[in-house]
Each structure stands twice: as C-alpha cells, then as structure tokens.
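In what follows, a single structure is set out as structure tokens and then discussed.
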Amino acid sequence: MVSRCSWAKESNALYIEYHDEEWGVPLYDDQALFEFLILEGVQAGLSWETVLNKRAHYRKVFDQFDAKKIARYTPKKIEKLLADPGIVRNKLKVNAAVVNAQKYLDVQQEYGSFSKYIWSFVGGKPLQNRWKTMADVPVSTAESDAMAKDLKKRGFKFVGTTICYAYMQATGMVNDHVLTCFRHKEVR
C-alpha cells in the first residue's frame, strides 16, 4: 500500500494521478505557471477536486492558457464562457482570468519571464517542509503574504495569501507532501 498525503482521495483516479505526478513538482514553465495561477483563482471557495475535474475543458475553452489570447478576450467571448457549463461560471473569476493574463504579460516583459518573477518569492528554489500531518500544513506563510501583496499591487485578481500558498504548493515552490508520503523525498 502506497502512503500518500491524506487529501489524495482513493475514489478519484484523476486526483490520485495529480497528487502522484504533479502536486509539489517544481514548475518553471511560464505557460504552466500561468495555468495554475488561473486555476487556483477559480478554486477559491471550491474544492481543488472540482477544478481538477474541469481542467481539461478549461484548457480547451481558454485557448490552452495562452495568455496573449486570453488578454484579448472580448465581452462576447466572456459571455460565451459564462454560458459554458464545463467551467465554473463565475463572472468575477472569468473576468479575473482576462485581467490576470494582461498583468502576467506585463510581468513577463518586466522580468523576462514570469517564472523568474514568481520564483523570487522563495529565493529561486523550493522550500523543503517536513510536516508530519496535513493538519500541520499552514494555509499561508510570509512568502505567500509577500507574493499576494505584490501581485495585488500589480493589479492581479483572486490572489490572496491562501490562494498564493495553494499555488506555491501546486507548482512546487514548497514541498508540502507530509513526511510519510512517498512523494516527499521525490519532489525536490
């Protein structure tokens, strides 16, 4: 029997695959980092499982998370998205994706890459935590506070400190696999 973090539900193969192959793996690709930024914002108030189950459809209707295309979405395109039951049809979140695409492109231009900017909040390398249980894992840290503050200052939406910490976990900026999880030693 493989030991996993308690949140990886045995009943959802997609969720287990996400835990085993993606969550906590250091991610440096700009477009993938942008995708997670959008999806973590969508997740606000919902379960990650809900968003994960819709991710393939999000990729399809959000142009594979091509920020240049999303930044130019028209009100007509936004209305079409809001009518699509395959995504979370929240007007604030859909509009935030467009705003965040525009701000993301600004950051890319300023720093040369979004990755360089976002990873600066952890000194460019993953923070290695040693949690015994998921109850020990914080919902925010000084790093996620700083990230949220800077992203908000730049005009990003749905980037509070809790969302930023979940983003850091998902993209491997922090290793929050518990010590007993088989992935803890693998993601560095």
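Here the structure is a predicted model, which means the values were calculated and not measured.
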Item to check | Carboxylate-amine/guanidinium contact E110 K103, below 4.0 Å | outcome: no
Checklist entry - Hey, what do you get for CD1 (I70) to CG (L81), rounding to the nearest 0.5 Å? => result 9.0 Å
Next on the checklist: Can you tell me how the ring of H19 sits relative to the ring of H177, calling it parallel under 30°, perpendicular over 60° and tilted otherwise?
Outcome noted: perpendicular
Next on the checklist: Given 3.5 Å as the limit, does a donor-acceptor pair link the side chain of H184 with the main chain of C5, or not?
Outcome noted: no
Checklist entry - Do F36 and E22 come within less than 4.5 Å of each other through their side chains, counting heavy atoms only? => result yes
Next on the checklist: Within this structure, what is the CG-CD1 distance for the pair L37 and I118, rounded to the nearest 0.5 Å?
Outcome noted: 6.5 Å
Checklist entry - Listed by chain and number, what are the salt bridge (Lys or Arg N to Asp or Glu O under 4.0 Å) partners of E79, not counting sequence neighbours? => result none
Item to check | Exercise: identify the closest heavy-atom pair between G124 and Y28 | outcome: O-OH, 4.0 Å
Next on the checklist: With heavy-atom distances below 4.5 Å as the criterion, would you say the side chains of F114 and F34 are in contact?
Outcome noted: no
Next on the checklist: Could you measure the distance from the CG atom of N129 to the OG1 atom of T141? Nearest 0.5 Å is fine.
Outcome noted: 8.5 Å
Checklist entry - Would a distance-only check, ignoring hydrogens and angles, find a side-chain to backbone donor-acceptor pair under 3.5 Å from E143 to V122? => result no
Next on the checklist: Please confirm whether the ring centroid of W7 lies under 6.0 Å from the ring centroid of W23.
Outcome noted: yes
Checklist entry - Under 3.5 Å, is there a donor-acceptor pair between the side chain of N100 and the main chain of K157? => result yes
Next on the checklist: Under a 3.5 Å distance rule, please check whether Y167 uses its side chain to pair with a backbone N or O of L33 as donor and acceptor.
Outcome noted: yes
Item to check | Test item: F156 and D150 side chains (from C-beta on) under 4.5 Å apart, heavy atoms | outcome: no
Next on the checklist: Who clusters with V99? Use side-chain heavy atoms, under 4.5 angstrom, across I, L, V, M, F, W and Y, and order the result by chain and number.
Outcome noted: none
Checklist outcome for this item: On a heavy-atom basis, the closest approach of K116 and Y111 is CD-O, 3.4 Å
Next on the checklist: Run the side chain to side chain contact (heavy atoms under 4.5 Å, CB included) test against R72 and tell me which residues pass, sequence neighbours left out.
Outcome noted: K68, K69
Next on the checklist: Are the side chains of D20 and Y15 in contact, using a 4.5 Å heavy-atom criterion?
Outcome noted: no
Item to check | ring-ring contact (aromatic ring centres under 6.0 Å, His included) assessment of W48 paired with Y18 | outcome: CA-CA 11 Å; W48 179 247; Y18 172 72; 5.6 Å; yes
Enumerate donor-acceptor pairs with a distance under 3.5 Å from any side-chain N or O in residues 83-90 to protein atoms, sequence neighbours excluded.
from	atom 1	to	atom 2	distance (Å)
D84	OD1	H57	NE2	2.9
D84	OD1	G86	N	2.7
D84	OD2	H57	NE2	2.7
N90	OD1	L92	N	2.9
N90	OD1	K93	N	3.0

Checklist entry - Under 3.5 Å, is there a donor-acceptor pair between the side chain of E21 and the main chain of I16? => result no
Checklist entry - side chain to side chain contact (heavy atoms under 4.5 Å, CB included) with I78: which residues, sequence neighbours excluded? => result Y73, L82, V94, N95, V98
Checklist entry - Rounded to the nearest 0.5 Å, how far does CG of L27 lie from OG of S115? => result 8.0 Å
Checklist entry - Do the non-hydrogen side-chain atoms of V187 and P126 ever get within less than 4.5 Å of each other? => result no
Checklist entry - Under the side-chain hydrogen bond (donor to acceptor under 3.5 Å, both in side chains) rule, what pairs show up with a residue in residues 37-47, not counting sequence neighbours? => result S47-T50
Item to check | Considering all heavy atoms, the nearest T161-S144 contact | outcome: OG1-OG, 2.8 Å
Checklist entry - Between the side chain of D63 and the main-chain N/O of D66, is any donor-acceptor distance below 3.5 Å? => result no
Checklist entry - Counting N and O atoms only, with roles assigned by atom type, does the side chain of D30 sit under 3.5 Å from a partner on the main chain of S113, one being a donor and the other an acceptor? => result no
